[in-house]
Amino acid sequence: TALLAAVGAEGGLADTWAFAELHGVEHAEVVGLVNSLEAIDYVTYSVHTSATLVLTAEGTSVLSNGSPEMRLYSAVAPGGEGSSQAELEAALGADVVRVGQGPCMKNKWLRRQGQRLVRAAASVAEDPTKELLGRVHLAGGDPGSIPAQDAKNLKRRQLLSEAKRKSFSVAPGRRFALTRVDMASDITSDMLAKGTWRDTPFKPLNFSAMGEPVGGGNFHPLLKVRAEFRRILMHMGFEEMPTNRWVESCFWNFDALFQPQSHPARDAHDTFFIKEPSRCNAVPEGYYDVVKRTHEEGGFGSVGYQSEFSDDEARKNILRTHTTAVSARMLHEIANQPGGFKPRRLFSIDRVFRNEHMDATHLCEFHQVEGLVADHNLTLGDLIGTIRTFFEAIGITELRFKPAYNPYTEPSAEIFGYHPDLKKWTEIGNSGMFRPEMLRPMGLPDDVRVIAWGLSLERPTMIKYRINNIRDLFGHKADLAAQRQAPMAALPVTAPTAGG
């Protein structure tokens with residue numbers, strides 16, 4: 001190329017701007033060529049920054065059409081009559097007349113005679129302003145092409161501006177040649193087969209270059225919040241229950257909790273029923289009989305529901321509607337463990353399923369956080385105190401409790417927390433003490449009480465990450481990029497110890 005020839009003939013190129021102007025090409029094009037040659041070691045370069053003069057749009061107009069003062073002088077009629085302001089403005093425009101008058105008077109080219117302008121000089125041979133701008137243009141903006149005072153005056157008249165110009169000096173590189181040879185970037189199987197790789201020039205490898213970003217996995221925001229909840233609950237002395245039974249029988253999901261078989265939550269419009277296998281294989285027979293009798297006839301201080309208990313209904317398989325089914329299994333196991341009952345603190349965090357209408361705050365599947373404490377002679381005060389300890393640990397310090405009804409807890413209470421962003425109280429969970437009709441059939445001692453509470457994992461996660469629509473958090477519409485960039489879910493308050 002011409003650039004390689006210039007570098008080879010002169011032992012280097014002093015200024016890429018001069019080269020670009022000489023060959024009538026854009027300087028950016030020359031810079032791109034220099035960079036590509038430098039990448040393959042054909043040339044090296046140094047960067048230089050210098051001041052340069054640039055013609056403004058008005059300066060370019062003067063270079064083409066003449067200065068306002070010269071145009072005004074030329075438009076004034078020769079002789080003693082001259083021309084009126086109105087005549088000149090009609091011929092040249094008001095702006096040219098206004099700008100040109102000052103220099104014409106200063107140079108004594110024109111004088112005012114009443115309301116008219118007449119020529120004071122018989123003739124003007126040249127246009128000094130245009131001539132100065134022409135010199136700057138021909139010199140490529142070199143500030144030394146005109147006197148400094150003239151440059152200052154032209155900048156004041158906004159015909160010139162000063163800019164910083166970056167140029168390059170180019171020297172031969174390690175692989176310099178007058179003709180550029182394309183270099184291979186990769187070795188191919190054809191080169192290996194023919195042996196041409198021995199004589200093929202290859203592009204140098206840049207071992208300092210950054211590699212492509214690694215597309216590794218990431219934790220979903222729900223899992224980040226879940227991890228924090230697990231840490232806090234374990235710090236409080238709770239053990240995690242196994243929650244791997246997504247398919248559950250109606251017996252454990254409803255009947256063991258003393259929820260009547262006629263309850264609306266057991267209808268198809270609220271629960272997903274499994275088509276195949278539609279029935280569970282087995283239930284604990286002795287315990288099953290006591291639960292059935294408690295539903296039909298009562299016991300443990302209760303009259304029961306005084307209705308027939310359906311074995312077919314109890315054995316239906318469903319997708320569990322809450323993790324309390326897991327709690328029921330664990331409490332039955334605790335009641336019948338070798339050595340008898342021992343106090344326990346248990347929790348679970350896992351997915352549950354309900355046949356709900358989906359909207360911005362509801363999905364057919366979500367995650368439930370549930371905690372329970374089983375011990376002797378627990379009271380409602382223990383329940384409220386444990387709940388306060390947990391919620392304060394996750395940063396919710398203002399709580400209220402409202403009496404409520406649940407089929408398997410008595411007393412029961414809804415939990416409300418104050419939302420500082422929304423400036424209002426919002427429901428954040430449910431709680432209660434499991435009923436004797438649920439606990440005594442399991443074989444737990446008469447003085448054992450179980451306090452429990454539950455909340456969804458999605459709601460605190462949405463609050464934490466400022467998500468308004470649950471479908472943006474979980475499901476096929478969720479933004480994968482936002483999930484990758486979601487920060488850690490570190491909660492603001494350190495959880496208390498088990499004795500706290």
Side-chain angles (χ1 to χ4, degrees), residues 13-31 48-168:
L13 193 64
D15 186 3
T16 50
W17 273 100
F19 179 85
E21 291 171 354
L22 177 65
H23 292 82
V25 296
E26 293 291 332
H27 184 252
E29 186 178 339
V30 176
V31 172
H48 307 281
T49 302
S50 59
T52 183
L53 297 175
V54 180
L55 270 66
T56 64
E58 189 174 348
T60 303
S61 175
V62 168
L63 190 61
S64 301
N65 305 315
S67 66
E69 57 268 31
M70 191 64 183
R71 293 172 63 191
L72 178 62
Y73 175 83
S74 301
V76 172
E81 293 296 321
S83 302
S84 67
Q85 182 101 1
E87 292 170 342
L88 293 170
E89 289 181 354
L92 301 174
D95 288 342
V96 173
V97 174
R98 176 180 56 79
V99 173
Q101 281 190 59
C104 280
M105 299 299 183
K106 181 180 179 181
N107 295 337
K108 297 182 180 180
W109 291 357
L110 298 176
R111 60 184 174 83
R112 188 171 292 282
Q113 184 174 295
Q115 298 298 316
R116 302 177 72 83
L117 290 174
V118 297
R119 292 187 177 186
S123 64
V124 175
E126 60 183 27
D127 185 347
T129 302
K130 179 179 178 180
E131 189 269 335
L132 289 170
L133 293 174
R135 284 161 59 185
V136 171
H137 178 69
L138 290 174
D142 182 6
S145 59
I146 60 174
Q149 186 59 45
D150 289 335
K152 182 178 180 180
N153 292 337
L154 292 174
K155 285 188 281 186
R156 180 177 52 79
R157 292 182 61 181
Q158 297 183 352
L159 301 177
L160 283 180
S161 64
E162 189 171 296
K164 295 294 183 182
R165 187 176 73 180
K166 184 164 68 173
S167 61
F168 299 81

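Shown here for Ala75 and Leu92, the closest heavy-atom pair between the two residues is CB-CD1, 3.7 Å. Of all the heavy atoms in Asp15 and Arg165, the pair that sits closest is OD2-NH2, 3.9 Å. When all heavy atoms of Trp17 and Ser167 are compared, the pair lying nearest together is CD1-CB, 3.2 Å.
The structure places OG1 of Thr129 at 11.5 Å from CG of Leu63, a figure rounded to the nearest 0.5 Å. Here the straight-line distance linking atom CD of Glu58 with atom CG of Leu154 works out to 11.0 Å at 0.5 Å rounding. Here the straight-line distance linking atom OG of Ser74 with atom CZ of Arg119 works out to 6.5 Å at 0.5 Å rounding. From Ser83, atom OG reaches atom CD of Gln115 across 14.0 Å, with rounding to the nearest 0.5 Å. Taken from CG in Asp127 to CG in Leu133, the straight-line distance is 8.5 Å, to the nearest 0.5 Å.
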Mind listing the side-chain donor-acceptor pairs of residues 139-146 below 3.5 Å, one per line with the distance, residues two or more places apart or on another chain?
residue	atom	partner	partner atom	Å
Asp142	OD1	Gly144	N	3.0
Ser145	OG	Asp142	O	2.7

Taking distance alone, no hydrogens or angles, what donor-acceptor pairs closer than 3.5 Å link side-chain atoms of residues 100-110 to residues at least two apart or in another chain?
residue	atom	partner	partner atom	Å
Gln101	OE1	Arg112	NH2	2.7
Asn107	ND2	Pro103	O	3.3

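Applying the side chain to side chain donor-acceptor pair (under 3.5 Å) rule to Gln149 yields the partners Asn153; only residues at least two apart in sequence or on another chain are considered. By the salt bridge (Lys or Arg N to Asp or Glu O under 4.0 Å) test, Lys155 pairs with Glu162, sequence neighbours left out. Listed by chain and number, the residues in a side chain to side chain contact (heavy atoms under 4.5 Å, CB included) with Val30 are Thr16, Phe19, Ala20, Val25, Val34 (sequence neighbours excluded). Gln158 pairs by the side chain to side chain donor-acceptor pair (under 3.5 Å) definition with nothing, not counting sequence neighbours. The side chain to side chain donor-acceptor pair (under 3.5 Å) check on Thr52 picks up nothing, with sequence neighbours excluded. Remark: Ser161 pairs with Val54, Thr56 by the side chain to side chain contact (heavy atoms under 4.5 Å, CB included) rule, at least two apart or across chains. By the salt bridge (Lys or Arg N to Asp or Glu O under 4.0 Å) test, Arg111 is found to be paired with no residue, residues two or more places apart in sequence or in another chain being considered. Residues passing the salt bridge (Lys or Arg N to Asp or Glu O under 4.0 Å) test with Glu87, sequence neighbours excluded: Arg116. For His137, there are no ring-ring contact (aromatic ring centres under 6.0 Å, His included) partners two or more places apart in sequence or in a different chain. Under the salt bridge (Lys or Arg N to Asp or Glu O under 4.0 Å) criterion, Glu131 pairs with Arg135, not counting sequence neighbours.
Side chains of Glu69 and Leu72 form no contact here, defined as non-hydrogen atoms less than 4.5 Å apart. Side-chain atoms of Arg157 and Val99, non-hydrogen and from C-beta on, do get closer than 4.5 Å to each other.
Within a 6.0 Å radius of CD in Glu81, other residues, nucleotides and ligands contribute 12 heavy atoms or fewer.
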